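For reference, the structure is listed below as structure tokens.
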Amino acid sequence: MSDIVSDNSHDQHAVRRQKLADLRAAGVDPFRANANPTHFSADAIKAYVPGQENVVAVAVAGRLVTIRDMGKSQFVKILDQQGQIQLYVKKDVVGDDAYAAFKKLDLGDIIGASGTLFVTKTGEVTVRVDSYVLVSKALRPLPEKWHGLSDPEQVYRQRYLDVIVNAESRARLLLRPRVISHIRRFLEARHFIEVETPVLEATAGGAAARPFKTHHNALGADFYLRIATELRLKRMLVGGFDRVFEIGRIFRNEGVSRKHNPEFTMMEVYQAYSDYRGMMDLIRDLLTSLVRDVVRPADGSLKLKHAVSGHDIDFGAPWREVKYKDLIREATGDADWFARSKAEKIAGAERLGLGINTAWEEFEITNEIFSKKIEPNLIQPTFVTHLPKELCPLAKITRDDPTTIDVFELIIGGMEVAPAYSEQNDPDVQRQMFEAQAGEERQNIDQDFLLALEHGMPPAGGMGLGIDRLCILLTGAESIRDVILFPQLRNAAPA
RNA sequence: GGCUUCCUAGCUCAAUGGUAGAGCAGCUGACUCUUAAUCAGUAGGUUCGGGGUUCGAGUCCCCGGGGAGCCA
């Protein structure tokens, strides 16, 4: 028998430890038992045949999350991958000994139960339990049943508790794998091949970002964690893999914010014999199908709530397409903005309330206006096209405007979600573009990539899609941390 | 990196510089269709850590740790 002194009865960990010791003393080790469920919870509920009370037999397993004890019978709920299902445990069905043991179970314990389905007087499909087994004793209590877990630090550090007690977190974090699965099926249906390229790179190229650095002992060499997959995937275009994509972890040694985690997931896709306009069709079809088939807004529309602005984002309406320069001219009210001197641009930016570093290049001053004054206000899906060529060396120069490149940046909810280019495949122009880079957008030059281009790369459209930001939009989350299972935090203080 | 703000029971939250409280969870008991079940009783605190001011600090000040928001 448990011999808990009253001083310890408040200590839930000690109480549960004692219960575990009692079980072991009685010859039961709940960590060695197992269950053989036949159904997940939602499937079991679906298996109920109306009118056939206590006919359909099921076995389910999961964590006890609700206990309503009424003396000689109990209603409890267990949680599994599909959600919750109610169990009805009656003393005169399971027997006196099993019932007495059931009363000693705690919230959080993991059990298996078999029985038959029936409907309660309030209409809830429930398992009438014939037998059950405790398969894992929980030694720590669950968070509060009604308010759940709301301390953000604990939500991130102990995500497993968050998804047990916060149904919204569960739903949000379960949407992400469905999104990724949909993307794979969407692309594979269009003959794209999924490939895997190195995370450890001698040169961190394909984007402008500070990399993480590491060291390979046996090779005696430093390596960088990749900041993009672009240059590797383009090598495969050279190799004749005409439609390739990769969904992979990218690492950037930069700030942490609501929109940035140091490691994040990017999908990059390249299609030979296409261009940035082809990528527009691809991303529009992809995102529209994600909203329609994965998110499935309840009202049947293609509108999603945007958490930050409170507006609805309508994926079903025509997507706006606008040139970068036109947005700048509109924001500055200056039709001749791009003919202005650097001093005039600084003055113009400061008139808009921006702090300008005089060491910046002119395109950086202009881009500060874009990122601070324009981008945050582009809530509806918007293709911003024809960016200044200084912003990216990897795209083709626009034929009738040598100052811009054939690209778009898809902005949704005020965030850059997907950049796409007509990929530069002229090795000489590519080398010149690399060498002409300036300012903070400078990318490292990957000489081996230039060698690959000299072998001939087919014309192609390419695109990146930030999976985390996409999931923010699709789930109506406020922060990237809400769509990443374990977002990056500092080490917790030593206990 | 800077500014602002937060950290109190297992969880969610209270507490003018003046005896640290509540709900849920826990513990003891009642109840064989409950839905945040209900009812009776009961226990539970290094107020993130350290230092200071004060007759007196959860509260004010300083240092450190961690989280969040804004900014570079």
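Lettering of chains follows the sequences in order, A, B, ..., and the numbering in each one begins at 1. Note that this is a predicted model, so its numbers are computed, not measured.
Contact check of residues 122-136 of chain A against RNA chain B (heavy atom, cut-off under 4.0 Å) returns A:Thr122, A:Glu124.
Ranking B:A36, B:G10, B:A68 by closeness to the A:Lys145 side chain, first place goes to B:A36. Candidate nucleotides B:A37, B:G67, B:C31 were compared by shortest atom distance to the side chain of A:Lys72, and B:C31 ranks first. Of the listed nucleotides (B:A68, B:U12, B:C33), B:A68 has the atom at the smallest distance from the side chain of A:Tyr156. Minimum atom distance to the side chain of A:Leu489 is reached by B:G67, of the listed B:G67, B:C11, B:U35. Distances from the side chain of A:Leu149 to the nucleotides B:A68, B:C11, B:G66 place B:C11 closest. Side-chain proximity of A:Asp69 to the nucleotides B:C31, B:C27, B:A36 is greatest for B:C31.
Heavy-atom nearest nucleotides on RNA chain B were determined for A:Arg16 and for A:Glu144, and the one closer to the 5' end corresponds to A:Glu144. Position along RNA chain B of the nearest nucleotide to A:Ser150 versus A:Lys77 favours A:Ser150 as the more 5'-ward residue.
Under 4.0 angstrom from either OP1 or OP2 of B:U34 there lies at least one side-chain N or O belonging to A:Lys121. A:Arg157 has a side-chain polar atom (N or O) that falls below the 4.0 Å cut-off from OP1 or OP2 of B:G67.
Checking each of A:Gln18, A:Lys19, A:Arg24 against A:Asp22 for a side-chain hydrogen bond (donor to acceptor under 3.5 Å, both in side chains) leaves exactly one that passes, namely A:Gln18.
Base pairing in RNA chain B gives the following stems of 3 or more Watson-Crick or G-U pairs, range against range and under 3.5 Å: B:1-7 with B:65-71, B:10-13 with B:21-24, B:26-30 with B:38-42, B:48-52 with B:60-64.
Screening residues 471-484 of chain A for side-chain hydrogen bond (donor to acceptor under 3.5 Å, both in side chains), with sequence neighbours left out, gives no hits.
Whole-Å rounding puts the A:Asp162 CG to B:G10 P distance at 20 Å.
Atom name C1', nucleotides B:G44 and B:G10: the rounded distance is 10 Å, in whole Å.
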